[in-house]
Engineer: 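My questions will all concern the structure given below.
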Amino acid sequence: MKDYKGEIMKKERIHLLDTVRGILILGVVIYHFLFDVAVFTDIDMTWFDDWWVNLIRDIGAGTFIFISGISCHLSHNNMKRGIKAAIVAILISVVTYFFVPDEFILFGIIHLLALCMLLYEPVLRIFNRVPAAFGALMALSCYLLTSNVYYGYIGIAGFLEIHLPLELYGNVLGYIIGFGMYSPVSSADYFPVIPWIFLFIAGIMAGEYFERDNINGIFYKNMIPPVTWLGTKTMIIYILHQPIIYGIFELIYVQS
């Protein structure tokens, strides 16, 4: 960012992005708390599997991935961030595999974000050459059109369905990419490359507007400091919250 004299000025932190992240990570904690309530207690939680709960979950996750794309565009150390996230993702897989195999996470949201960050420099950065509005629109369209890849087709359910070859399905690599149907493996937290990477790319495109300082001053205001602070600690909160909640329920309902 430059002032009117052309001198380099230090960019302010865009606090609103942290605030939204803070709200989203609180939602993740609440969701996993309710999940554990359903697993450990006799409370009627049949509603927890209703479509609207899944819709809220997916909107929250999609927003988080989108914001991660914006942050990736603005960051200058994506490879370092990607390596750190990849290490965390591997540890999550190892720990869940050996200690809670029923909740094994093969490819969750941290795995996805790690891959996207690692791909940014060698591959995804090319999208910066595309006009931002057009690129974001195309990426969102690709997300919508590939959202049913898991079930064997691309397009819009009941309107335009292009069925994919079954050979793409039934293997681990296909499961990670997004061809999940008939897979020999499963993941308790599952965010395959397709369709979610397209929301990340849409975020990269949106990041162009943030970089050009086209945003309103309200984006820079820290309106809810505690929530904003949580938004700067999302990785550590994500890593620790479920083991803590799960452990408390384990002590209360299993060990007692």
Side-chain angles (χ1 to χ4, degrees), residues 19-68 88-89 91-113 143-144 146-153 156-158 169 175-176 178-192 194-196 199 224 226-227 229-231 233-256:
T19 304
V20 175
R21 270 193 292 254
I23 294 171
L24 293 174
I25 198 64
L26 284 173
V28 170
V29 173
I30 293 171
Y31 178 85
H32 284 147
F33 172 78
L34 294 175
F35 177 86
D36 288 340
V37 169
V39 171
F40 285 99
T41 74
D42 295 326
I43 298 175
D44 184 10
M45 297 287 290
T46 52
W47 58 269
F48 193 62
D49 288 325
D50 286 352
W51 67 269
W52 60 270
V53 176
N54 293 329
L55 179 62
I56 293 174
R57 178 200 63 200
D58 288 348
I59 290 175
T63 303
F64 193 88
I65 294 168
F66 178 79
I67 291 177
S68 296
V88 171
L91 288 175
I92 289 173
S93 293
V94 171
V95 170
T96 54
Y97 180 82
F98 286 105
F99 294 99
V100 278
D102 290 340
E103 300 296 328
F104 172 56
I105 297 176
L106 173 64
F107 200 83
I109 193 167
I110 300 298
H111 299 71
L112 172 72
L113 294 178
Y143 170 77
L144 292 174
T146 61
S147 59
N148 287 305
V149 160
Y150 179 94
Y151 301 105
Y153 66 92
I156 303 173
Y169 296 80
Y175 183 78
I176 290 173
F179 308 118
M181 192 169 55
Y182 311 125
S183 174
V185 296
S186 63
S187 182
D189 181 38
Y190 181 50
F191 285 85
I194 299 174
W196 297 104
L199 288 184
I224 318 176
V227 177
W229 180 82
L230 291 176
K233 309 295 180 184
T234 52
M235 180 67 79
I236 190 67
I237 294 172
Y238 185 88
I239 295 170
L240 295 179
H241 83 278
Q242 181 63 329
I244 292 173
I245 297 173
Y246 190 93
I248 291 173
F249 275 94
E250 181 84 13
L251 287 173
I252 295 174
Y253 290 98
V254 177
Q255 304 299 330
S256 60

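Residues: numbered from 1 along the sequence shown.
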Engineer: Which label fits Y246 and F40: parallel for a plane angle under 30°, tilted from 30 to 60°, or perpendicular past 60°?
Structural biologist: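 Plane angle over 60°, so perpendicular.
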Engineer: Apply side chain to side chain contact (heavy atoms under 4.5 Å, CB included) to V88 and Y238, showing your working.
Structural biologist: CA-CA 10 Å; V88 171; Y238 185 88; over 6 Å; no
Engineer: When rounded to the nearest 0.5 angstrom, what distance separates CG in N54 from CD1 in I59?
Structural biologist: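 CD1 of I59 is found 11.0 Å from CG of N54.
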Engineer: Decide yes or no for I245 and V29: does some side-chain heavy atom of the first lie under 4.5 Å from some side-chain heavy atom of the second?
Structural biologist: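 Yes, their side chains come closer than 4.5 Å.
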Engineer: Taking the side chain as everything from C-beta on, heavy atoms only, tell me whether L106 gets closer than 4.5 Å to Y175.
Structural biologist: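 They are in contact (side-chain heavy atoms under 4.5 Å apart), so the answer is yes.
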Engineer: Do the side-chain N and O atoms of S187 and H111 include a donor-acceptor pair separated by under 3.5 angstrom?
Structural biologist: no
Engineer: Using 30° and 60° as the class limits, which term best fits the ring planes of F35 and H32: parallel, tilted or perpendicular?
Structural biologist: perpendicular
Engineer: For a quick test of reading the model, state the closest non-hydrogen atom pair linking L24 to G60 and the distance between them.
Structural biologist: CD2-O, 3.7 Å
Engineer: Find the distance between CG (D44) and CG (D42) and round it off to the nearest 0.5 Å.
Structural biologist: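 Spacing of CG (D44) from CG (D42) equals 10.5 Å.
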Engineer: Looking at CD1 of I109 and CD1 of I65, how far apart are the two atoms once the value is rounded to the nearest 0.5 Å?
Structural biologist: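 Reported value, rounded in 0.5 Å steps: 4.5 Å.
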Engineer: Measuring from L34:CG to W47:CH2, what's the distance to the nearest 0.5 Å?
Structural biologist: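 Rounded to the nearest 0.5 Å, the CG-CH2 separation comes out at 5.0 Å.
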Engineer: Check G178 against P192 and note the closest heavy-atom contact, atom names and distance.
Structural biologist: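 Answer, listing the atom of G178 first, then P192: CA-CB, 3.5 Å.
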Engineer: Can you name the closest pair of heavy atoms from D50 and T46 and give their distance?
Structural biologist: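 Looks like OD1-O, 3.8 Å.
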Engineer: Starting at CH2 of W196, measure out to OH of Y143 and round the result to the nearest 0.5 Å.
Structural biologist: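 Going from CH2 on W196 over to OH on Y143, the span is 3.5 Å.
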Engineer: Kindly compute the distance separating CG (L199) from CG (L144), expressed to the nearest 0.5 Å.
Structural biologist: 8.5 Å
Engineer: Counting neighbours of OH on Y31 that are heavy atoms of other residues, nucleotides or ligands and sit closer than 6.0 Å, is the number greater than 12?
Structural biologist: yes
Engineer: With a 4.5 Å heavy-atom cut-off, do I25 and V28 have their side chains touching?
Structural biologist: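 A side-chain contact exists here, since the closest heavy-atom pair is under 4.5 Å.
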Engineer: Is it the case that the ring center of Y169 lies less than 6.0 angstrom away from the ring center of Y151?
Structural biologist: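 No, too far apart.
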Engineer: Do you know which two heavy atoms are closest between T19 and V227, and how far apart they sit?
Structural biologist: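 Scanning both residues, the minimum pair turns out to be O-CG1, 3.5 Å.
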Engineer: Kindly give the heavy-atom pair with the smallest separation between T96 and I92, and that separation in Å.
Structural biologist: OG1-O, 2.7 Å
Engineer: For the residue pair V39 and M45, establish whether any side-chain heavy-atom pair is separated by less than 4.5 Å.
Structural biologist: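 SC-SC contact between V39 and M45 ruled out.
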